[in-house]
Amino acid sequence: MLGQDYQIRMKLKVLFLILTLNMSLITSAESFGIVVHGGAGVLSGLSIERQQEIENKVKDTLISAYKILEDGGSSMDAVEFAVSEFEDSTLFNAGKGSVYNSDEVQEMDASIMNGADRSAGAVASVQIIKNPIKLARKVLEETDHVLLVGRGAEIFAKDIEETIVDRSYFHSEKNLKRLKKAKKRISDNNIIEDKIGTVGAVALDKNGNIAAATSTGGMTNKMPGRVGDTPIIGSGTWAQNDVCGVSSTGHGEFFIKYQVAKEVCTRIEYLNETLEKASSDIIKELLKIDARGGIIAIDKNANTSMPFNTDGMIRGSFTNKSELYVAIY
Ligand code: GLY
């Protein structure tokens, strides 16, 4: 009698284990989604029309990127697509909307990382590349290097026939005015809105692969040759399968010194923290040293997090576990 009970209990235990294992396989295999940002900073001066325009662009981009993932596309394709959409818009500080450096030239940075194998590609200080994020991916796929800068990056772009544009493509009266204003206020410390703005995307695909991509024009009035966190793997961009993917926006120098993107994943990996805790804690810690900005992050279960310590961050997410979400404040 006792033996029969024991056998039944054991059979139930085995059945339960098989069910749990299947459930977790199904859950992780089916989780997918994308998170994007369009920069953090002082965004309170935005008109209602401008806010609407930005929200529509973020929404459309999320819907298309989600479709890539839903159709079985890779997280690398989804993040490259999302970032290049923002680069082609004048609404964001990246690609066509890039701000001017102190010499009235746009110098752009971008990076992309594949969490499946930690392969990464980046470009910095490029001036004539229509989509720096696409060139960053080519650095990853077609060279033995991770980061190409300036003229070398542009020669590589010409060699592989990546789209080159005249510098006038990036001209913007609005950004030029912003530069002149920043120069006038050079002795004023309160120039936070001129310091930050970047675009980025992180995604998890149906195969469990995480990717991250980030692109920027940097800071208005930056010194020629200044490179921020965006093309620095571990600072502006990080992707690690089974842990998380992160893209940063903010005052780049701090994000380099605190290795922000990688730090989020490190806390999850070694301290067993949730994505939400690791992401929001680091953004709070940065505020203590007046390091302004934000991050977007996704983990292996398509949990998402979008903390920021500025008055706004253009952001949005769409996963198979959560509704389409877009916000600025
Ligand atoms: N986070 C962008 C930059 O500082 O260049």
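One-based numbering along the sequence shown. Order of appearance sets the numbers: ligands from 1, and atoms from 1 within every ligand.
Using a 4.5 Å cut-off on side-chain heavy atoms (C-beta onward), F318 and V35 make no contact. Residues F86 and V36 are in side-chain contact: their nearest non-hydrogen atoms beyond the backbone lie under 4.5 Å apart.
Ligand 1 has no nitrogen or oxygen under 3.5 angstrom from a nitrogen or oxygen of M219. At under 3.5 Å, a nitrogen or oxygen of R226, whether backbone or side chain, sits near a nitrogen or oxygen of ligand 1.
Numbered from 1 in the order shown, with element, the atoms of ligand 1 that lie under 4.0 Å from a heavy atom of T198 read 1 (N), 2 (C). Of all atoms in ligand 1, numbered sequentially from 1 with element shown, those under 4.0 Å from a heavy atom of G228 are 5 (O). Residue G250 has at least one heavy-atom neighbour below 4.0 Å for each of these atoms of ligand 1: 1 (N), 2 (C), 3 (C), 4 (O). Near G218, the atoms of ligand 1 lying under 4.0 angstrom from a non-hydrogen atom of the residue are 5 (O). Using a 4.0 Å cut-off to heavy atoms of D229, the atoms of ligand 1 that qualify are 1 (N), 2 (C), 3 (C), 4 (O).
Interatomic distance, I68 CD1 to E80 CD, rounded to the nearest 0.5 Å: 9.0 Å. In this structure, CG in N114 is found 7.0 Å from CG in L140, a value given to the nearest 0.5 Å.
Taking all atoms of both residues into account, the shortest heavy-atom contact from S215 to P132 is OG-CB, 4.3 Å.
Geometrically, K96 does not engage F170 in a cation-pi contact, judged by NZ or CZ lying under 6.0 Å from the ring centre and within 45° of the ring axis.
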